[in-house]
There are 2 protein chains.
Amino acid sequence: MSEKLSDTARETMLAPLFETGWAMAEGRDAITKTYKFEDFTEAFGWMTSAAMWAEKWDHHPEWSNTYNTVEVTLTSHDVGGLSSRDAKLARKMDAI
Amino acid sequence: MSEKLSDTARETMLAPLFETGWAMAEGRDAITKTYKFEDFTEAFGWMTSAAMWAEKWDHHPEWSNTYNTVEVTLTSHDVGGLSSRDAKLARKMDAI
């Protein structure tokens, strides 16, 4: 379990993510990003890798997929907003 | 390629699906269903099986996942509405 991000942690953890295309979700303490892939196979293959990490870390995304597009939203329901686990999963998703 | 469903085909193909929990999507010529699973692993495992069929048949869902819930919407973009491919994929999704 981690805590809701402090203002200082937001600066250090979220700023680098905003540079890779993550943004604050509208009206929520959550971050969101849209990934585009070559086709469905690439998109779902990426989701499968991300799903393994999500399950391993017991921290799951809200996400939707239409053909080659995957929209991801990350937040920590147990703390009612963003925690360091969201930043960690976001970095992993960018790295995959 | 298939055609947009005729009124008669709608009766015969969609009626059985409406009995298993599918419904017309709000404001679209599309069908939608929400599947609930035990947990994330079950939900994503089901998505993976469904993804194989979607790719095999080159007919892909719009779907979103939050933990143990998967919301699916099916329509045929190339015909601008429902085709027999949507009914076929819906039946497969129920069967998996």
Side-chain angles (χ1 to χ4, degrees), chain A residues 1-2 22 25-83 85-86 88-90 92-93 96, chain B residues 1-2 23 25-83 85-86 88-90 92-93 96:
Chain A
M1 290 297 135
S2 52
W22 289 90
E26 185 105 359
R28 299 178 60 186
D29 191 26
I31 51 173
T32 184
K33 181 172 178 176
T34 300
Y35 291 90
K36 285 268 185 188
F37 299 90
E38 196 66 34
D39 53 26
F40 177 76
T41 301
E42 293 285 324
F44 200 81
W46 177 85
M47 287 178 80
T48 305
S49 297
M52 299 295 153
W53 288 100
E55 183 61 19
K56 184 185 175 83
W57 289 339
D58 195 20
H59 189 58
H60 305 90
E62 300 169 24
W63 49 2
S64 64
N65 158 243
T66 301
Y67 194 58
N68 67 337
T69 303
V70 183
E71 267 185 56
V72 182
T73 300
L74 300 177
T75 192
S76 299
H77 296 103
D78 55 342
V79 303
L82 286 165
S83 77
R85 283 171 294 145
D86 299 303
K88 187 179 169 190
L89 187 55
K92 179 57 76 180
M93 286 178 155
I96 292 168
Chain B
M1 288 300 133
S2 51
E26 184 105 2
R28 299 178 61 187
D29 191 25
I31 51 174
T32 185
K33 181 172 178 177
T34 300
Y35 291 90
K36 285 269 186 187
F37 300 89
E38 196 67 33
D39 54 25
F40 177 76
T41 301
E42 292 286 323
F44 199 81
W46 177 86
M47 287 179 79
T48 305
S49 297
M52 299 293 153
W53 288 100
E55 183 60 19
K56 184 184 173 85
W57 290 339
D58 195 21
H59 190 57
H60 304 90
E62 301 169 23
W63 49 3
S64 64
N65 158 244
T66 301
Y67 195 59
N68 67 337
T69 303
V70 183
E71 266 184 56
V72 181
T73 300
L74 300 178
T75 192
S76 299
H77 296 102
D78 55 342
V79 302
L82 286 165
S83 77
R85 283 171 295 145
D86 299 303
K88 187 179 170 190
L89 186 55
K92 178 57 76 179
M93 285 178 156
I96 294 169

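Just so it is clear: chains get the letters A, B, ... in the order the sequence lines come, proteins before strands, and each one is counted from 1.
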- What orientation do His60(B) and Phe40(A) show, parallel under 30°, tilted 30 to 60°, or perpendicular over 60°?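 Because their plane-to-plane angle lies in the 30° to 60° range, the rings of His60(B) and Phe40(A) count as tilted.
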
- Message: Could you work out, with side-chain hydrogen bond (donor to acceptor under 3.5 Å, both in side chains) as the rule, every residue matching Ser76(A), not counting sequence neighbours?
- Response: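 Ser76(A): side-chain hydrogen bond (donor to acceptor under 3.5 Å, both in side chains) contacts with Ser83(A), Asp86(A).
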
- So which of Thr66(A), Thr73(A), Asn65(A), Asp39(A) has the biggest tally of heavy-atom pairs under 4.5 Å with chain B?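 Counting heavy-atom pairs under 4.5 Å, the top option is Asn65(A).
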
- Carefully, step by step, assess Thr41(B) and Glu55(A) under the rule side-chain hydrogen bond (donor to acceptor under 3.5 Å, both in side chains). CA-CA 7 Å; Thr41(B) 301; Glu55(A) 183 61 19; 3.3 Å; yes

- Task: Test Phe44(A) against Met47(B) for side-chain contact (heavy atoms from CB on, under 4.5 Å), laying out the working first.
- Result: CA-CA 9 Å; Phe44(A) 200 81; Met47(B) 287 179 79; 4.0 Å; yes

